[in-house]
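The block underneath contains the structure these notes are about, expressed in C-alpha cells.
Keep in mind that this is a model prediction, so the values were computed, not measured.
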Amino acid sequence: MSHVVAIDLGSTGVKVAVVDAAGVLRSSASEVLPLVFVGDHGVEQDPELWWSAIGRCSRKAVADSGLRHCEMLSVAVTSQFMSTVAVDASGRPLGNAIMWMDGRGGAYRRMVPDRSAYGTFIDMHGLVPSLNDSVAHIDLIRSLHPDIYEAAAAFEIGRAHV
C-alpha cells in the first residue's frame, strides 16, 4: 500500500503526518514555531525555522511510521495563505516572512485593483484584495526594506502543493 507524507506549515507550527490511502494515520510529528511581533501590528516568522522544523518533523514521522521510503507515494504540503517571503535566485529567504495576520501592509499599498479586476485578482491570489494580502506585503518590503526588495528574485506566497 502506498502512503502520503502530509506537511502542514501553520502560523504556530509545523505538523507532519504519514497516512495510508484510506486516510489512516500511521505516524506524526510536530513543532511549535515562534511568531515575531514587531511594532505597528507587524507579525513575522523566520522561514529558516520553517525549513529546519519541516526537515526534523518529516524525518521523525517517516521513521516512526515503520515504512520504507519506497512506500511513500507522494508528499503534500500546505501553508498559511498570504504569508510572504522574499527569496534570492537560489530560493533562500532574504529576511523574515511577513505573516498573513500582519497589519502593516495597508499603509504601503501602492495599488488596489478596481472592482472590475477583482475576478482576475481572485484567480491569481485566491482571495479578494485586502490591506494585508501578498501585494501589500511586497509593498511593505519595498518601502521598509528596499535592500531586500532589490535583492529579491521572487516573493514566495503561502499555498498548497501536492
Besides V38, the hydrophobic cluster formed by Ile, Leu, Val, Met, Phe, Trp and Tyr side chains linked at under 4.5 Å, directly or via other members, contains V36

| Got M72 and S65 here, is their nearest side-chain heavy-atom distance under 4.5 Å? | yes

(Q) With a sphere of 6.0 Å drawn around CG of D123, does it hold more than 12 non-hydrogen atoms of other residues, nucleotides or ligands? (A) yes

Sorted by chain and number, sequence neighbours left out, side-chain hydrogen bond (donor to acceptor under 3.5 Å, both in side chains) with R142 holds for D139, Y149

Residue set satisfying side-chain contact (heavy atoms from CB on, under 4.5 Å) with R56, at least two apart, ordered chain then number -> E31, S52, A53, R59

Taken in chain and number order and not counting sequence neighbours, the residues that satisfy side-chain hydrogen bond (donor to acceptor under 3.5 Å, both in side chains) with S11 are W100

*Mind checking whether I7 and W51 sit in one hydrophobic cluster, side chains of I, L, V, M, F, W, Y counted as touching below 4.5 Å?*
no

Q. Is there a donor-acceptor pair closer than 3.5 Å between any side-chain N or O of S74 and the backbone N or O of V4?
A. no

Closest heavy-atom pair, V18 versus A61, reported as atoms and distance to 0.1 Å, is CG2-O, 3.7 Å

Across all chains, not counting sequence neighbours, the side-chain hydrogen bond (donor to acceptor under 3.5 Å, both in side chains) partners of T120 are none

Do P93 and E48 have side chains that approach each other closer than 4.5 Å (heavy atoms only, starting at C-beta)?
yes

By side-chain hydrogen bond (donor to acceptor under 3.5 Å, both in side chains), R104 pairs with (sequence neighbours left out) E44, D102

When rounded to the nearest 0.5 Å, the distance separating CG of D133 from CD1 of I138 is 9.0 Å

Taken in chain and number order and not counting sequence neighbours, the residues that satisfy side-chain contact (heavy atoms from CB on, under 4.5 Å) with L73 are S2

With sequence neighbours left out, the residues meeting side-chain contact (heavy atoms from CB on, under 4.5 Å) with I148 are A86, L94, I141, H145

Connected to V24, directly or through other members, by ILVMFWY side-chain contacts below 4.5 Å are none

- Would you indicate whether the side-chain heavy atoms of V62 and V16 approach each other to under 4.5 Å? no

Taken in chain and number order and not counting sequence neighbours, the residues that satisfy salt bridge (Lys or Arg N to Asp or Glu O under 4.0 Å) with D88 are none

Joining Ile, Leu, Val, Met, Phe, Trp and Tyr whenever any side-chain heavy atoms lie under 4.5 Å apart, the cluster holding V32 also takes in none

Those residues at least two apart in sequence (or on a different chain) that pass side-chain contact (heavy atoms from CB on, under 4.5 Å) with V87 are V85, A154, E156

